[in-house]
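Take a look at the structure set out below.
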Amino acid sequence: MDQKGLSDLFSKYGAIKSCKLEVFQDGLSRGFGYIQYETQESAEKAIVELNGSNQQGKKIEVQHHVKKEDREE
């Protein structure tokens with residue numbers, strides 16, 4: 001998936017403040033990205049609708065962002 005594809009997929013659930021696909025130096029996707037919505041409700045809807053769904057032949061995980069230092073090992 002590219003940046004536009006990520007934005008297009010998630011924009012169905014509300015207005016996006018920011019959308020960032022993480023890529024390697026060669027421009028290939030690292031397999032994850034970040035979406036920030038204008039509202040909490042949009043984020044919740046995207047999580048409910050997309051978490052565990054199949055996108056371009058891959059099952060995706062959609063969840064709230066958790067800071068690295070707050071993640072459990």
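Values below: every heavy atom of this structure, side chains too, minus hydrogens, waters and symmetry copies. Residues: numbered from 1 along the sequence shown. This one's a predicted model, so the numbers in the text were calculated from it and none came from an experiment.
- Looking at residues two or more places apart in sequence or on another chain, you find a ring pair (Phe, Tyr, Trp, His ring centres under 6.0 Å) between His65 and Tyr34.
- Here CD of Gln56 is found 7.5 Å from CG of Asp2. Values are rounded to the nearest 0.5 Å.
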Apply side-chain contact (heavy atoms from CB on, under 4.5 Å) to residues His64 and Ile47 and explain how you reach the verdict. CA-CA 8 Å; His64 290 282; Ile47 291 169; 3.5 Å; yes
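- Residue-environment remark: CD (Gln25) stays at or below the threshold of 12 foreign heavy atoms within 6.0 Å.
- Rounding to the nearest 0.5 Å places CD of Glu38 at 9.5 Å from OG of Ser18.
- A donor-acceptor pair is defined here as one N or O able to donate and one able to accept, closer than 3.5 Å; such a pair exists between the side chain of Gln3 and the backbone of Leu21.
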Determine, stepwise, if the pair Val62 / Glu49 fulfils side-chain contact (heavy atoms from CB on, under 4.5 Å). CA-CA 9 Å; Val62 182; Glu49 295 288 325; over 6 Å; no
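- The two atoms that bring Leu28 and Asp26 nearest to each other are N-OD1, 3.0 Å, heavy atoms only.
- By the 6.0 Å contact criterion, CD on Glu22 is enclosed, its count of non-hydrogen atoms from other residues, nucleotides or ligands being greater than 12.
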Donor-acceptor list for residues 4-16 side chains, cut-off 3.5 Å, not counting sequence neighbours:
residue: Lys4; atom: NZ; partner: Asp8; partner atom: OD1; Å: 3.3
residue: Lys4; atom: NZ; partner: Asp8; partner atom: OD2; Å: 2.8
residue: Ser11; atom: OG; partner: Ser7; partner atom: O; Å: 3.2
residue: Ser11; atom: OG; partner: Asp8; partner atom: O; Å: 3.1

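- For the atom pair Asn51 CG and Lys59 NZ, the distance stands at 8.0 Å (nearest 0.5 Å).
- Here the closest heavy-atom approach between residue Ser29 and residue Met1 is recorded as CB-O, 3.9 Å.
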